[in-house]
S.K.: 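After the C-alpha cells below, expect a handful of questions from me.
Start at 1 and go down the list; that is how both ligands and their atoms are numbered. Treat the numbers as computed from the prediction; the structure is a model and nothing was measured.
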Amino acid sequence: MLEPVDRDAGGRICKWTVDKHIIHTPNIAIVINPNNMPVTPLELKKDFGAEIIITNSYIINKHEELKQQALKQGLHKFLNWSGPIYTDSGTFQMYSQGVKTIDPIGIVEFQKTIGSNIVTPVDVFTFPDDTAAVAKRKLNETVRRIMAARKSISDRYLVGPIQGGMYLDLRKAACKKVAKIQPDVFAIGGIVPLMESYRFDELAEIIITCKKNLPFTKPVHAFGAGHPMLFAFLTAIGCDLFDSAMYSLAAQRDGYLTTSGTIPLFDLQEFPCSCPVCSKADVIDIKKLPKPEREVFLAKHNLYVTFQEMRAIRTAIRGQWLWELVQERARAHPTLLEALHWTLARHAKWLLNLEWVSKRSALFWSGEESGHRPEILRALEWLKRVKSKRKFTKPPFGKIPVGLKSVYPFGQSIIPGVPEPKIKTTPKEIFSATVDYQFGNSTSKRFKDVRLEISRRTGRIRRVYKDNTLLGTIRPADGFFVPTIEGAKILKGKIKKVKITDPEVAGIVSRGGSVFVKFVKPLDVIFPGEEVSIVDKNNKIIGVGQTLLNSEEMKQLKRGVAIVRR
Ligand code: GUN
Ligand code: ZN
C-alpha cells in the first residue's frame with residue numbers, strides 16, 4: 001500500500017507499507033552481497049537509517065553454503081535484518097557476469113521459501129543496442145514470467161520489471177501489460193548501461209514514458225540507480241525507489257562518491273565531507289590502509305553521502321524547492337544538465353499535471369533550463385485569464401497585471417539582473433487580478449462589493465468580507481485567495497469540485513474532518529494545490545480545501561488524504 005503525503009516537481013513523498021514495515025519514499029534499498037559485506041545490515045540500520053535492503057537470490061542460491069544457511073535460518077536471520085528485504089532474481093548477473101541460465105520458476109520459489117518480502121521474477125535484460133525485434137521478444141518473455149510468478153506469489157509483494165530497451169513504444173506496451181498483472185512494485189529495468197555511459201537524456205525519456213503509462217498506486221523503482229548525483233533528478237521525474245551497489249562497487253575501485261560525481265581517493269588531498277568517518281580521518285592515513293580496510297572506509301563514506309542525499313531530497317520536496325536542488329545537481333555533468341533541460345522542455349505538459357499551482361518557496365532562476373519550468377509555463381497560461389490595463393514587465397513572464405505583483409510566481413521569482421519593480425497598486429486591483437488568475441476570466445466581477453481588510457503590519461490584504469461574512473483570506477506566502485465555504489458559494493461554477501457521496505463521510509467532512517482519497521470523486525480536472533469545494537451527493541458545498549493530489553491520482557489512490565483542510 002502506498003500513501004502519498006507530500007510532493008514537488010514530478011516527485012512525491014509516500015509512506016509505503018511492506019508487511020508490518022513502513023518505508024518512507026523516495027528511498028534507497030542498499031544492495032547486500034552476502035559474499036562481500038563492507039557494512040553489515042545491522043550497521044545500515046543503526047548508523048545510516050536504512051529502511052529496506054535488497055539482496056540477490058541468485059547469488060545466495062548459487063553458493064551451496066549460503067543457500068543452506070538461508071534455507072535453514074530464513075533470509076531475515078541469515079542477514080540479521082528485521083526490516084523488509086527485497087530480493088532480485090539474478091537478471092542483472094546475466095547481463096553483467098554473462099550468467100547463461102537461471103531457472104525462472106525455481107528462483108521465484110527460492111525467494112519465497114527463504115522469506116523475501118519483495119520477490120522479483122527473472123525478467124529478460126534488454127541491452128540499449130538490442131533491435132526492436134529482440135527487445136519485443138524479451139519484453140514478451142518478461143511479461144510471461146511476471147504472470148507466472150504472480151500465480152505463485154500471492155501473499156508477498158511481487159516486482160513487475162519493465163523492459164523494452166530503447167523503444168519507447170515497447171516501454172509503453174510493457175507498462176500496460178505489466179500493470180494488468182498487478183504487481184506491487186514497478187521496476188524499470190535495463191537502464192544501468194545508460195547510466196554507466198552518461199546517457200541521461202535517453203534514461204529520462206524511458207522513465208517518463210513509463211511514468212506516463214503506470215498507475216500512481218505503486219512505487220516505481222529505478223533498477224540499479226545508482227549514483228547520488230542522479231537521485232534528485234530521478235525523483236523529480238517520478239522515481240520512488242532506488243537500489244544500488246554503487247557504494248560498494250565504487251569503494252572496491254577506490255571511488256569516493258559525492259553528489260557531483262566520483263573522485264578517485266588517490267586524487268584527494270583532504271576529505272571534502274564531514275560525515276562521521278571523514279571527519280575523524282586523515283586522507284593520508286586512509287590512502288595507506290590495506291585494501292580491505294580502505295574499502296570499508298570508502299563504503300561507509302559512500303553510504304553517508306547516499307543517505308544524506310535521500311534526506312536532502314525529501315527536505316527539498318517538503319520545502320517545495322526540488323527543482324532548485326535538481327538544477328544544482330545537474331551542474332555535476334553537462335549531459336545531466338542537458339537531460340534536465342530537454343526533460344523540462346519536452347515534458348512540461350506532463351509535469352504540469354503533477355506540479356503545485358503555487359508554492360511557498362521562491363522560484364530561483366538558475367540557468368537557461370529555468371525558462372522551461374512548469375511553474376512558468378502555467379503562469380503564462382493563466383496570465384491570459386486576467387484583463388488589466390496597468391501592467392509591469394518582468395522576464396521571463398513578459399507583461400504582468402500590476403495586481404499580480406505579489407502572486408506566485410510573479411512576486412516570488414528571483415531572476416538575476418531583474419530588479420524588483422516598484423509598483424503602486426490598490427487592494428481592489430490586487431484582489432480582482434488574483435481571483436481572475438486563479439478562477440478564470442472575469443470571476444472577480446462576482447465580488448464587486450466586498451470589503452478588504454488590510455494588515456496594518458504588512459499593508460497587504462488579509463481577509464475578504466461581504467458585510468460581516470468572511471469570504472476568504474489571502475495567503476501571505478503565495479498571494480493566493482483562499483475561499484471559505486461562503487466564498488466558494490460565490491465562486492460556484494468557477495471553483496473546481498470534488499464529491500463525497502457517502503453521507504456519513506460527508507457529515508464528518510462538513511465538521512472539518514480529513515478528506516480521505518478513498519471517499520473522494522473529482523468532478524473536474526484538478527491540479528495539486530488548487531483551492532476546491534467539496535460537495536455532498538446533493539451538490540451542497542460542505543467544505544473547502546487545498547488539493548494534495550491531482551484528479552487522476554484521486555481516481556486511482558486508496559490511501560491517504562486528498563485535500564488539506566485549514
Ligand atoms: N538490476 C539492474 N537492472 C536490472 C534489471 O533490468 N532487472 C533486474 N531484475 N535487476 C536489475
Ligand atoms: Zn564522508
S.K.: Taking the six-membered ring for Trp, are H333 and Y198 parallel (under 30°), tilted (30 to 60°) or perpendicular (over 60°)?
M.R.: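 Plane angle between 30° and 60°, so tilted.
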S.K.: If you check every N/O/S atom of H301, which is the one nearest the Zn ion (ligand 2)?
M.R.: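 The atom in question is ND1.
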S.K.: Counting only heavy atoms and a distance below 4.0 Å, can you name the residues contacting ligand 1?
M.R.: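 Lining ligand 1 at under 4.0 Å, by heavy atoms, one finds D88, S89, T91, F92, T120, D123, F125, Q163, G189, G190, V192, F223.
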S.K.: For E295, which residues count as a salt bridge (charged side-chain N to carboxylate O under 4.0 Å, His left out) partner, sequence neighbours excluded?
M.R.: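 Result, salt bridge (charged side-chain N to carboxylate O under 4.0 Å, His left out) vs E295: none returned.
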S.K.: By the ring pair (Phe, Tyr, Trp, His ring centres under 6.0 Å) test, which pairs, at least two apart or in different chains, include something from residues 20-79?
M.R.: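 Applying ring pair (Phe, Tyr, Trp, His ring centres under 6.0 Å) to every pair that reaches into residues 20-79, excluding sequence neighbours, yields F48-Y304.
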S.K.: How close do L548 and V5 get, counting heavy atoms only, and between which atoms?
M.R.: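 Closest pair (atom of L548, atom of V5, distance): CD2-O, 3.9 Å.
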S.K.: Given the rule in the ring pair (Phe, Tyr, Trp, His ring centres under 6.0 Å) test, do H301 and Y247 qualify, once you have shown the distances and angles that lead to the verdict?
M.R.: CA-CA 8 Å; H301 158 80; Y247 75 103; over 10 Å; no
S.K.: Which residue pairs pass the ring pair (Phe, Tyr, Trp, His ring centres under 6.0 Å) test when at least one of the two sits in residues 257-296, sequence neighbours left out?
M.R.: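 Found Y256-F271, F271-F297.
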S.K.: Could you check I191, L241, L203, V220 and say which one makes a side chain to side chain contact (heavy atoms under 4.5 Å, CB included) with L234?
M.R.: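 For L234, the side chain to side chain contact (heavy atoms under 4.5 Å, CB included) check succeeds only for L203.
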S.K.: Nearest 10°: the angle subtended at the Zn ion (ligand 2) by C275 SG and C273 SG?
M.R.: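 Taking the Zn ion (ligand 2) as the apex, the two atoms subtend 110°.
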